[in-house]
Structure formats: C-alpha cells, structure tokens
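Notes to accompany the following structure.
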Amino acid sequence: MKFWRLIKSMPSDAFTNMAVDEAILRTVSAAKSPPTLRFYSWAPPSISVGYFQNSLTDVNVEVCRKLGIDVVRRLTGGRAVLHDKELTYSVICPENDPHFPDNILGTYKIISSCLIRGLSYLGLDVSLTPFVKKIGKNAPSACFSSPSHYEITVAGKKLIGSAQRRGEGVFLQHGSILMELDRESLKMVLPGLVRLDTVTSISDYLSVDMTSLISSLVKGFEEELGISLSEGFLSDEEVTLSDRYREEKYSQREWNFSRPSSI
Amino acid sequence: MDFPKDLKYHKEHTWVKVEGSRALIGITDHAQEELGDIVYVELPERGSESEQDESFGTVESAKAISELFAPVSGRVVDINEDLADQPELINDDPYDSGWLVEVEMSDPSELDSLLTADTYKKYIEEEKG
C-alpha cells in the first residue's frame, strides 16, 4: 500500500496558507516529500483570488479592509473565494503518480471522487458536475457563482470550489468546502457574485464539526485511491520555505494586487 | 492530431520553428487539446532570457495554471501580443497564429536534444499508455 502524508494545519492567515501550499509543492517536486493531503482553515477570514484575476476590480477591497478580511492571490487558476466558515483541502502530488492521469480534468475527476466518497460517509447526497464544454474568460468573477468541470454539488448547488497548478512535474489542487454560508458578507465583498442561489454549504443539510468532516474526507481519499494516510508535519525545509514565501511573496501588495501579464 | 514535420518538439509539449539563429516557439496540438480552452496567457518580457527546460510562462484553462517550458535557451525578441485579447488562438491555430514567443537562440546545439514530429508522436502515444 502506498503511504501519503496527512497534514492537519492550525488555522492560519491567508499569506501563511498559500505559502505553505507552495512550500510543499516545491519539496514534492524535488522528491523530498511524499504526496501530501493537507487540511486547513483561514483566520482571519480571507478572500483568495485566481492567479490571473485582478483583485482591485473583482474584490471590494475597501469593504474587506473594514471587515478585517485579508486578500491573497493564489498560485492556482479560477476565481475569487471567500474563506470564512469552511475547510480547505490541498493535494500535492507528482504528475506521474499512477493514481492520477497526467491532465487537468482527469485529476479534478479523481479528487472529486475522493471528496464525494468522504462526504457520503456523513450522509450528504453529493454529486459530480459533468464536464462543462465552455468556460470562457467572461465567467463570473466569483468562484461559487457556477459549478465547473467535475465539481461537487448538492441538489445542483455548488458545495466545493477547486483549482489547480501544474508544472515542474507536480500538481497542486486545492479547494474550499463550505461549512456555513454568510450570503450577506459574500455579496458585500465580491461584487461580481450575482447569483447566490447556485451555492450551498454543509450546514444547509446537516450539522458536522471540523474533526468529523476531516476524518470522513481522509477515509474517502484512502478508500478511493487505495492509499494509507499517515499524519505528519511540515519538514524543516518546508517551514523555512513557507516563511520565506510568506514574507517575500504572499504578504506583499505587489503579489496580491497586480495580475501577471507581459502582454 | 497534427504534428508538422518542419518543427522540432520538446517533451514538455512545446514546439520550435527554426529561422536562422531565431526560434519561434509555441505549444503543440496535443498540449492545447489536453489543456482545453485557454483563457489567459502569461509570457516573458521582451529582452528577458529563457533557459531550456525552465518555465517561461503560464496559461490558464479549466481553472488550472499550467507552466510552459522552454524548448531552447535564448533571449526573447518577440512575443505574440494578439494572445492578450485572443488566447483562443492557441487552441484554434497552435502552430501558426497561436505562437507564443520568438527567441534569439544562445546555444543552437540544444536543438539536437529535441524530438522530430515522428518521435514526439510516439512519445505522447507511450505517455498515454
């Protein structure tokens, strides 16, 4: 049986959360760490925007500042997410790992199957959105506005929003699992979020604490992939790297408020 | 799927068209198909140096950011500015109007390490298993 590392991180701020995901991505890419499943949450509440998004136009930065919500840009694609009462998962794994096909959609599909299996142990009737042919540039600026490829919905409403980064022989997929939904805050901080009837949270269906949610999801990954997850911690190198990425990148205005492009 | 014979191919699914000491670079038909609809492109600045096998840009498709790897080393002399408004050119026409960058090669002998159309085609068939 293949062993993966499980990391349950303490709630951290947006800059640390994104720095840790990148640190693990680097060490897995260098074959210094095993494939890793990590769970974390965000304190204070934060908005993460997609790599190519313009946070100044897609996020109401002024309202975020007043409400104490941090804004961070992710390494992954996709749209803006408010991380408040939720659990985030991240999977960091070599692209040539036999559990996953070497492509974007196949990876979404398999990780979604793990999440669905995990959520089903809680009694949640979740399903997989089929492949969506066209998601254009003009998609709504908020992630949860519409279900995307192979994402997870309950009664047609989106419950988990996920995104990926691929390169240097490794993929990172992370996603936000909504536990409770504060629709008013969402509307205030993400002006592009026009429809709130397309999104749902676990609390709309059942009551579950973070510990039970994590253990169900761990079981889902173990059984779906046929792996064994053993709880571990960040290596010394990952701690050093994540401190550096937090300091030099994710806490910097230049990273968070200017989108990449030379064209 | 189309793999023009006059191009050289890198295992990270980029192609090179050699014109003297310059190389036009793009991604292959196979790559654009695997990526799906490309919605954003990030390219290096003109005048910057890119290294063979190193990342020189990214594309976004299906909420995934994928890094692009340089098939040869050199100084970037031109970038395809049309991709800012029309990233779909990469999907529609990967070997022509969907080109990415042009570089002045610093070590043309690197071309020897690239694959021909036939060997690239075999390589992706093996990759698919």
Side-chain angles (χ1 to χ4, degrees), chain A residues 22 25 29 50-54 73-81 95-96 98 101-109 111 129 131-139 143-144 146-151 160-175 258-263, chain B residues 11-14 27 30-48 50 53-70 76 78-91 98-102 123-129:
Chain A
E22 182 168 355
L25 187 152
S29 170
Y51 185 70
F52 277 104
Q53 248 186 313
N54 183 344
R73 190 152 66 89
R74 301 188 301 265
L75 265 191
T76 54
R79 321 301 289 163
V81 177
E95 284 187 297
N96 63 5
D102 186 9
N103 62 58
I104 300 167
L105 295 180
T107 303
Y108 279 128
K109 196 174 180 183
I111 292 178
T129 317
F131 174 67
V132 184
K133 180 65 190 135
K134 188 95 185 168
I135 297 176
K137 209 175 191 173
N138 299 324
C143 175
F144 279 90
S146 56
S148 184
H149 309 291
Y150 299 126
E151 280 188 327
I160 303 180
S162 301
Q164 272 179 44
R165 171 107 189 174
R166 307 184 77 89
E168 290 162 50
V170 59
F171 73 81
L172 156 68
Q173 181 174 320
H174 50 202
S258 49
R259 57 184 295 272
S261 183
S262 63
I263 51 172
Chain B
K11 284 186 174 180
E12 287 286 349
H13 312 293
T14 43
I27 67 167
H30 168 71
Q32 70 77 22
E33 198 168 286
E34 286 281 306
L35 289 166
D37 294 330
I38 293 168
V39 290
Y40 294 109
V41 187
E42 175 187 21
L43 295 177
E45 285 178 16
R46 279 193 187 83
S48 64
S50 67
D53 305 330
E54 298 284 321
S55 171
F56 70 97
T58 59
V59 292
E60 175 164 345
S61 61
K63 300 202 303 163
I65 303 295
S66 301
E67 292 186 48
L68 304 166
F69 293 90
V76 177
D78 203 4
I79 56 175
N80 186 352
E81 292 185 1
D82 293 342
L83 299 177
D85 294 326
Q86 296 170 274
E88 65 275 13
L89 289 174
I90 302 175
N91 294 109
W99 66 279
L100 300 172
V101 296
E102 186 176 28
Y123 170 71
I124 55 174
E125 277 161 9
E126 280 164 18
E127 224 190 6
K128 276 182 183 168

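The analysis underlying the following values was restricted to heavy atoms, covering all of them including side chains, and did not include hydrogens, waters or symmetry mates. Note on naming: letters A, B, ... go to the chains in the order of the sequence lines (proteins, then strands), and numbering restarts at 1 for each one. In this text the structure is predicted, and so the values were computed from the model without any measurement.
Interface residue V59(B): only backbone heavy atoms are found under 4.5 Å from chain A. Of the atoms belonging to I38(B), not a single heavy atom falls under 4.5 Å from chain A. Using a 4.5 Å cut-off between heavy atoms, N80(B) touches chain A through its backbone atoms (N, CA, C, O) alone. Neither the backbone nor the side chain of Q173(A) comes within less than 4.5 Å of any heavy atom in chain B. Looking at L172(A), neither its backbone nor its side chain comes within 4.5 Å of chain B, counting heavy atoms on both sides. Of the two parts of Y108(A), only the side chain, counted from C-beta on, holds a non-hydrogen atom closer than 4.5 Å to a non-hydrogen atom of chain B.
Side-chain atoms of E67(B) never come within 3.5 Å of backbone atoms of E168(A) as a donor-acceptor pair (strictly under, hydrogens ignored). Of the possible donor and acceptor atoms, none in the side chain of E12(B) sits under 3.5 Å from a partner among the backbone N and O of L68(B).
Between the side chains of E151(A) and T129(A), not a single donor N or O lies within less than 3.5 Å of an accepting N or O.
Close placement of the F52(A) and Y40(B) rings is indicated, their centers lying within 6.0 Å of each other.
Of the listed residues (G106(A), P101(A), S162(A), G50(A)), the greatest number of heavy-atom pairs within a distance under 4.5 Å of chain B belongs to S162(A). Of the listed residues (G161(A), G78(A), G77(A)), the one with the most heavy-atom contacts under 4.5 Å to chain B is G77(A).
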Worked verdict on R74(A) versus H174(A) for side-chain contact (heavy atoms from CB on, under 4.5 Å): CA-CA 10 Å; R74(A) 301 188 301 265; H174(A) 50 202; 3.6 Å; yes
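S258(A) and R73(A) get closest at one heavy-atom pair: O-NH2, 3.5 Å.
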